[in-house]
Amino acid sequence: MSNVKGLHHITAIAGDAQENLDFYVGTLGMRLVKRTVNQDAPDTYHLFYGDRDGNPGIDLTFFPWPKLPARRRGWGVWDEVMLGVPKGALDYWVDRLNAHGVSHSAVETRFGERVLPYEDPHGLCSALVESEPYEGFTHSPWPDSSVPEECQIHSLAGIRIFVRDESATADFMARAFGFRLESAERQHTELEELDWKRYVLGDGKAGQRIELSVRPEIARGSWGTGAIHHVAWRAGDEAEQAEFASSAASAGAQPTPVIDRFWFKSVYMQEPSGALNEIATDGPGFAVDEEPAALGERLVLPPKFENHRDAIEAGLPPISVSQALRV
Ligand code: ZN
């Protein structure tokens, strides 16, 4: 059996779309690589942030749904997005978050790595992690970013989750995707002290990690602004995707049929605590319908929505990348 390669993308729920753009392009220096609509709710945006080329494994995507109530942290919903930055870059990032008025926690150590936790403007639990991506991972720095190339976010490093029943989630992630327990430690933060376990793929570097803490005493989490909606794992092609979906079904999940997202193909399933997973193909990628130099500049619609472009555009709030770059 082969394993998923690592994270493909993470999708979260945001508030106001321009505020989301201001933060991810203006403050964090990521590139808007696709400006499109939610294919299940085409009257709302779906914004994709990544590196210069929108490589799989660095895409952080958002549904801006400002009318939703705030999310509730708890078990059964992915909890924290970890973004990889080069070793030694966190001092730069502490200064940058301070300069942009972003509240953050003190730098802490997790599994031997320096980590800077913060929340985005809409409450998404996030952290910058000094770590190296896995062998074969592709990252293209974005020369037009307001963050110098040597400090840019280079990957989705990992994802954190609270669960009630560790073995159910761990067994599923092992059988469906190939995760194995790598290490465990008790971690102290300014607010709490918790036991964490790190499950990994491959060599366990950035992009290949789930960190899990057993918290039966807390409530179930819920979606809302600031929540992670789902986490997608990389399949090289559709044959691999079918293999992983079959493994997930053998492990007790109920995978959806393959859904064509146009830039990749998707299969979705819940793990036993309820958190939503996706298996996404690496291709064809974001350059299939836009010039690489112009990614994200205009609203791109999957072909099935093109007939409704005027009505869709009229219903979406205007957003501006150049405004975000002035933040
Ligand atoms: Zn997705």
Side-chain angles (χ1 to χ4, degrees), residues 4-14 17 20 24 30-42 44-51 53-65 68 71 76-83 120 122 124 126 155-161 173 176-177 201 207-208 210 223-238 240-242 244-245 248 253-271 274-289 295-296 300-302 304-305:
V4 295
K5 278 187 230 170
L7 284 160
H8 182 288
H9 65 268
I10 295 174
T11 295
I13 302 169
N20 178 257
Y24 285 93
M30 298 178 82
R31 184 178 187 190
L32 180 69
V33 292
K34 195 62 66 180
R35 177 192 308 217
T36 186
V37 291
N38 181 322
Q39 294 183 30
D40 300 314
T44 58
Y45 278 117
H46 191 179
L47 303 178
F48 293 67
Y49 303 98
D51 61 2
D53 300 326
N55 283 299
I58 185 174
D59 300 321
L60 185 55
T61 94
F62 290 90
F63 301 138
W65 290 337
L68 233 55
R71 57 107 176 93
V77 178
W78 297 106
D79 187 66
E80 184 194 87
V81 174
M82 291 183 277
L83 302 172
D120 89 352
H122 302 126
L124 177 65
S126 312
S155 61
L156 303 171
I159 188 84
R160 285 193 144 190
I161 189 169
M173 298 309 284
F177 303 140
L201 300 159
Q208 299 182 312
I210 294 172
W223 281 349
T225 53
I228 295 171
H229 187 272
H230 65 268
V231 169
W233 306 101
R234 291 179 68 185
D237 55 27
E238 288 173 63
E240 264 193 14
Q241 181 182 53
F244 302 141
Q254 294 179 299
T256 64
V258 175
I259 299 171
D260 189 351
R261 295 302 187 195
F262 200 59
W263 306 289
F264 43 83
K265 296 219 162 90
S266 301
V267 172
Y268 300 86
M269 77 230 44
Q270 286 177 306
E271 56 80 38
L276 188 58
N277 289 274
E278 173 184 346
I279 307 164
T281 55
D282 279 354
F286 297 122
V288 73
D289 54 6
L295 290 179
V300 173
L301 298 174
K304 64 180 173 177
F305 293 120

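For clarity, every value in this text was computed on a predicted model and none was experimentally measured. Remember, it's 1-based here, ligands and their atoms both numbered in the order they're listed.
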**OP:** Could you pull out the atom name of the N/O/S atom in H230 that is nearest the Zn ion (ligand 1)?
**Re:** NE2
Original post:
In terms of side-chain geometry, is the basic nitrogen of D237 or K5 positioned less than 4.0 Å from the acidic oxygen of its partner?
Top reply: no
**OP:** Would you check if Y268 and I259 make a side-chain contact, meaning some heavy-atom pair closer than 4.5 Å?
**Re:** yes
Original post:
In Å and rounded to the nearest 0.5 Å, what is the CG to CG distance from L295 to L32?
Top reply: 9.0 Å
**OP:** Examine distances only and state if a side-chain atom of K34 and a backbone atom of V300 form a donor-acceptor pair shorter than 3.5 Å.
**Re:** no
Subject >> Whether H9 has an N, O or S atom under 2.8 Å from the Zn ion (ligand 1) >> reply: yes
Subject >> Proximal heteroatom of E278 relative to the Zn ion (ligand 1) (N/O/S) >> reply: OE1
